[in-house]
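Here, residue 1 is the first one in the sequence, and each next residue gets the next number.
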Amino acid sequence: MSNEPRLDFPMLDSTGSEYHSWVTDVENHLTSKGILPIIQAPNPDLVFIPTAAKHAQAVILMRRHMDKALRLEYMSIKDARELWVALEERFGNVQDSLLPDLKVQWNNLRFADFKSVAEYNSEALRIQSMLRFCGKPITEQELIEKTLSTFPVSAIVISKQYRTEVNAGRITRFHQLINIISVAEKHDNILVRNYNSRPIGTKSVHEANYNAPKGGRKERNPKNGGYEGRMGPYNRPNQEGNRKFGVDTRGGNATRGRGGRGIPSRNGGAMGRGGGTNPPRERPQRAQRAPQLKGGNHNDECHRCGSIEHWFKQCKASEELAERYRAYRDLREQEVYLAEEEEDGGDVNLTIEDFKAEDEVHKDATDFD
């Protein structure tokens, strides 16, 4: 931890540049403690009894807010009034050394040199306070004229508008002008930020996590039955094919625990962890599934008998049926071949005899369609 004393206001340095503000801060603190007359000239009309404790309290306050060089210089003074007068004699005429530098700062003050209105306002008020301390106060009209005459060239139109308001008497104080300029600055910043947010003519792009679930919860996977995270051997949903399918560990069908595995109870249920005798829970009946084909779910047909219920290796049809299906396939292939030849050969003249012959052939073959 640092050994520096805790300060209630800025410290007085050996140059005395901030002596005027230091005097005000000391007087306010002594007033709050009720011992301000301890540093003032004796007044017979004022009923105040200075004691050693009050002198020590005032001296401690002033020495804690003084530079190290000043504390060493006035270390032997224990009277608060004597220390106060000594500092006043030393820094009371500090205005003569501060005034030339303050005049230069005032002449070089320009509104266009600052990035924001707040920075310019702080510097202008500081110079005004220091010049008032030196006996050269600055009026409100001088501050307003300094501000309007040092506007940037790009805002000359706005400067003329503000000058019109001043001449009309609607702006008479420096803080009124600063407030109006501050509001205009905020509106300009919002306009520039909106313009630079995206190119003209484009739509806004959502953030990377725009569609993320709110509250930090993960969306449940419907395929897992509402379970979150990875599926393990003990947190899978109770489905057919799992090791726990059909086993209810919360009821009487418990198979794990200290109570034994499947030990029947008096009520007919199996005892679970701790020897419970809960009856088995009735499970809802599942809907009947449609029977699947023997050969699997496919669209192929048997090349031996033409059935779609099995494949060629599983066919158990008789040789007679297989021979008739083979003749049927050959006939269908001949019909397709003849149709292709007729399309390539041009016009074909058919007679009634041709159709009769084809009907006789179809009568000999078994209808597999």
Side-chain angles (χ1 to χ4, degrees), residues 7-28 65 67 91-205 207:
L7 301 179
D8 298 325
F9 47 88
M11 185 181 297
L12 177 64
D13 56 1
S14 58
T15 61
S17 58
E18 300 294 335
Y19 173 73
H20 67 291
S21 60
W22 182 84
V23 168
T24 304
D25 293 334
V26 171
E27 290 178 350
N28 292 333
H65 296 85
D67 193 7
F91 301 113
N93 297 326
V94 72
Q95 298 91 336
D96 298 336
S97 61
L98 296 177
L99 187 58
D101 187 30
L102 292 174
K103 288 184 177 180
V104 173
Q105 294 180 12
W106 171 253
N107 294 331
N108 295 332
L109 181 65
R110 295 196 312 171
F111 180 74
D113 295 337
F114 295 88
K115 295 182 179 180
S116 63
V117 180
E119 294 179 1
Y120 170 78
N121 183 39
S122 177
E123 183 65 16
L125 294 180
R126 186 190 69 83
I127 296 176
Q128 182 189 26
S129 176
M130 295 295 293
L131 289 175
R132 185 186 301 111
F133 170 72
C134 296
K136 301 290 182 180
I138 299 177
T139 62
E140 295 287 335
Q141 295 298 327
E142 291 178 348
L143 285 172
I144 293 175
E145 183 63 27
K146 170 67 74 172
T147 304
L148 297 178
S149 60
T150 57
F151 255 70
V153 180
S154 59
I156 189 172
V157 178
I158 302 178
S159 176
K160 291 181 179 179
Q161 295 177 359
Y162 292 149
R163 190 175 295 276
T164 302
E165 297 292 327
V166 172
N167 296 334
R170 287 185 286 268
I171 297 178
T172 58
R173 304 293 297 273
F174 176 70
H175 68 85
Q176 296 177 351
L177 178 62
I178 291 297
N179 292 338
I180 295 175
I181 298 176
S182 299
V183 173
E185 181 187 30
K186 295 182 183 299
H187 286 293
D188 293 343
N189 292 337
I190 294 174
L191 180 62
V192 173
R193 191 182 305 114
N194 293 337
Y195 178 80
N196 295 331
S197 61
R198 63 178 184 273
I200 298 176
T202 59
K203 295 182 179 180
S204 59
V205 180
E207 296 181 357

Distance from [X] atom [atom1] to [Y] atom [atom2], nearest 0.5 Å?
X: Leu99; Y: Leu131; atom1: CG; atom2: CG; value: 7.0 Å
X: Arg173; Y: Asn179; atom1: CZ; atom2: CG; value: 11.5 Å
X: Leu109; Y: Gln105; atom1: CG; atom2: CD; value: 9.0 Å
X: Lys103; Y: Asn108; atom1: NZ; atom2: CG; value: 14.0 Å

Output all residues satisfying side chain to side chain donor-acceptor pair (under 3.5 Å) with [X], sequence neighbours left out; order by chain, then residue number.
X: Thr15; value: Asp13
X: Asp113; value: Arg110
X: Asp67; value: none

From CA spacing to verdict: side-chain contact (heavy atoms from CB on, under 4.5 Å), Ile181, Tyr162: CA-CA 9 Å; Ile181 298 176; Tyr162 292 149; 3.7 Å; yes
Nearest non-hydrogen partners of Met130 and Leu102, listed with the distance: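 Closest heavy-atom pair between Met130 and Leu102: CB-CD1, 3.4 Å.
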Under 3.5 Å donor-acceptor, Ser182 side chain and Ile178 backbone: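 Yes.
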Donor-acceptor contact below 3.5 Å, side chain His65 vs main chain Trp22: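 Side chain of His65 to backbone of Trp22: no pair is present.
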Any Gln128 side-chain heavy atom under 4.5 Å of Pro137 side chain: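 The answer is no, as the side chains (C-beta and beyond) never meet within the 4.5 Å cut-off.
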Check: Phe9 and Thr24 side chains under 4.5 Å, non-hydrogen atoms: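 The answer is no; the side chains never approach within 4.5 Å.
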Identify all side-chain donor-acceptor contacts of residues 142-157 below 3.5 Å with residues at least two apart in sequence or on another chain.
unit_1: Glu142; atom_1: OE1; unit_2: Thr139; atom_2: N; d: 3.4
unit_1: Glu145; atom_1: OE1; unit_2: Arg163; atom_2: NH1; d: 3.2
unit_1: Lys146; atom_1: NZ; unit_2: Trp106; atom_2: O; d: 3.1
unit_1: Thr147; atom_1: OG1; unit_2: Tyr120; atom_2: OH; d: 2.7
unit_1: Thr147; atom_1: OG1; unit_2: Leu143; atom_2: O; d: 2.9
unit_1: Ser149; atom_1: OG; unit_2: Glu145; atom_2: O; d: 2.6
unit_1: Ser149; atom_1: OG; unit_2: Lys146; atom_2: O; d: 3.3
unit_1: Thr150; atom_1: OG1; unit_2: Phe111; atom_2: N; d: 2.9
unit_1: Thr150; atom_1: OG1; unit_2: Lys146; atom_2: O; d: 2.7
unit_1: Thr150; atom_1: OG1; unit_2: Thr147; atom_2: O; d: 3.4

For [X], which residues count as a side-chain contact (heavy atoms from CB on, under 4.5 Å) partner, sequence neighbours excluded?
X: Ser116; answer: Ala118, Glu119, Glu185
X: Ile200; answer: Tyr195
X: Ser21; answer: Glu18

Summary of salt bridge (charged side-chain N to carboxylate O under 4.0 Å, His left out) pairs that have at least one residue in residues 126-139, sequence neighbours excluded: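 Listed by first then second residue: Glu123-Arg126.
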Residue list, salt bridge (charged side-chain N to carboxylate O under 4.0 Å, His left out) with Arg170, at least two apart or on another chain: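 Here the qualifying residues are Glu165.
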side-chain contact (heavy atoms from CB on, under 4.5 Å) assessment of Leu125 paired with Phe174: CA-CA 10 Å; Leu125 294 180; Phe174 176 70; 4.2 Å; yes
Verdict with supporting geometry, Asp8 and Asp25, side-chain contact (heavy atoms from CB on, under 4.5 Å): CA-CA 9 Å; Asp8 298 325; Asp25 293 334; over 6 Å; no
